[in-house]
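In listed order, ligands and their atoms are each counted from 1. Here, residue 1 is the first one in the sequence, and each next residue gets the next number.
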Amino acid sequence: MMMMPTMMNMKPSSASVSKGALRRTGSPSSRVAVRTRAAPPPTQGTWDEDSLSSETEINMLQAMLAKAVQRKELELNAPADADANGANGSNGYSGPSFTVKTFNAISPVGLDRFPKGKYSVAGNDDALPDSPMAIMLRSHKLQNDEVASTVRCIVRCGAGTNNIPVSEMTERGIPVFNTPGANANAVKELVLCALFLAARGIVEGIAHTKDVINVEEKGDYTAISKRIEADKKMFVGSELTGKTLGIIGLGHIGGKVVEAALALGMKVVGYDPVLNVESALRLPGDRMQRVNTLDEVWAQCDYVSLHVPYIPDITHHLINADTLAKSKRNLCILNFARGEIVDGAALKSAWDSGAITGKYMSDFADPYLLGQDKHIVMPHLGASTAEAEDNSAAMAADTVMNYLETGSIVNSVNFPHCELPVAENGYRISIAHKNSTGVLGEITTYLGGKSFNITQQLNVSRGDIAYTVLDLDSDPKDPEDIQSGLFDACDAILSMRFLGHPFDNKFGAPGTFFYTRN
Ligand SMILES: NC(=O)c1ccc[n+]([C@@H]2O[C@H](COP(=O)([O-])OP(=O)(O)OC[C@H]3O[C@@H](n4cnc5c(N)ncnc54)[C@H](O)[C@@H]3O)[C@@H](O)[C@H]2O)c1
Ligand SMILES: O=C(O)[C@H](O)COP(=O)(O)O
């Protein structure tokens, strides 16, 4: 009789991990040891049908199917250029691989940056050799319980991270990254397109030609030509030159829109009370007006373009009944940031009362504006160009590899920036912990007590979270033991990894062990 597979799935999930518990969540070497194989398919003479319940048979068949799918996906993921990359097509690397789970369609330009063999990347858990260490996604609305306890970082191929439960990830010691600027040009071009569509009766005119003129004139060219001339008076627009555009948020996208609008001969008013130095340096300060209050925007702008992140308590309904009451009557709103930044119900009332007559251009729908002629809404296309998708995916892949292999944190939205140059003979531990007093002392005292000399270290913080990277001068033969001891010695530690010797291409030997409290 066929044996049932003993352990179908050794992969831990966050759902199965109780909060507060100290967990060893993975190590390549341990994973290799604990991996189990499903029982082979039944062969003739070993299948005792009568002794199996239907449920057991279904379970067995599902197990075999899952294994077959996993084998097939691993085959498909294997590099075709095996000769160029070494005998096993893995750049000569033969250790356990880093595992990256993807959501959404991510450009192959990014996915191909992960060295085959050293990295396993798939959208399906079953196609990964082990539970994911990193998540790579676009607009997928990520749920806390989709983040397995083994995940050590999340990267958004794009700008907005409001689809990720960032504060929960911070509490779990997981950095969330994005790719600043990688898709900014694509969004700028769509905003320009929207400006033209807002100023002229292009969308309405095309619809009229297709749905009215062509239908009423029944395909008669002469009649259609006459109507196209006669009906143009219905769609008179205005020019952008000389009009005033307010730009709210002067970061990567807003800054590019500033330049493009100036080139069109528009006057530009910019508002960004939390502008960083890099973005400020990109702005043509002498050719635009920067204002310190939103009221100065509403008072003088014909167009307003939103380029701020969606932050529930701060940018939610930034455009609302109050601001619309202060705006010029002809105000057109361009929202290629996030739908929730505009209060659709307030805008509908303003349209209905005639207080506002301008259009609302967006690549986000609004529950109160469905079917409204003045709401010209397109699919969420801002970053949907080949170039933007490639740039974002490539930058995201580099960010993940940098973090997993060196512990460096660059472009995180919830963790401090951290780059510690790699020491020649260092053995690196990275620790995410609460930003509380005495933590560094507890960590170094513990390591000193174990006779480890710290050759260099960097401790950085951001709000309630802190991150410490330490290089030890000798190889901790049992990294699991050290981490478990550190956890016991220091309550503030949230998650930790032993990275081995970064850059020596020996990940997994001695192996990256990682611990987490979540
Ligand atoms: N439609 C799309 O496909 C698409 C594509 C990319 C980005 N986006 C959206 O656009 C947003 C901006 O993207 P970006 O690349 O320019 O990001 P960015 O971080 O470079 O710029 C955002 C700017 O907003 C400013 N800001 C923050 N809070 C503000 C506030 N309350 N008032 C005024 N300014 C404020 C910041 O100081 C920063 O300069 C993203 O967060 C995302 O939601 C949409
Ligand atoms: O925030 C972003 O970068 C955009 O909204 C792009 O989203 P997408 O990656 O789903 O196109």
Protein residues near ligand 2, heavy-atom distance below 4.0 Å? R138, S139, R156, C157, G158, A159, G160, N183, R338, H380, A383

Answer yes if the side chains of N163 and H140 hold a donor-acceptor pair under 3.5 Å, and no otherwise. no

If you draw the axis of the six-membered ring of Y119, does the NZ or CZ of R113 fall within 45° of it and under 6.0 Å from the ring centre? no

How about H433 and Y467: are their ring centres within less than 6.0 Å of each other? no

Applying salt bridge (charged side-chain N to carboxylate O under 4.0 Å, His left out), run through R138 and E389 and close with a yes or a no. CA-CA 10 Å; R138 289 177 59 180; E389 293 188 0; 3.3 Å; yes

N435 side chain to D464 side chain, donor-acceptor N/O pair below 3.5 angstrom: no

Keeping the roles fixed (side chain from R329, backbone from G354), state whether a donor-acceptor pair exists under 3.5 Å. yes

So how far is it from F514 CZ to T150 OG1, rounded to the nearest 0.5 Å? 6.0 Å

Is the closest side-chain heavy-atom distance between R338 and T315 below 4.5 Å? no

Sub-4.0 Å heavy-atom environment of ligand 1, residues by chain: A159, G160, N183, V187, G249, L250, G251, H252, I253, Y271, D272, P273, V274, L275, H307, V308, P309, I314, T315, F336, A337, R338, D363, F364, H380, G382, A383

Take H307 and V257 through the side chain to side chain contact (heavy atoms under 4.5 Å, CB included) test and state the conclusion after the steps. CA-CA 9 Å; H307 300 294; V257 174; 3.9 Å; yes

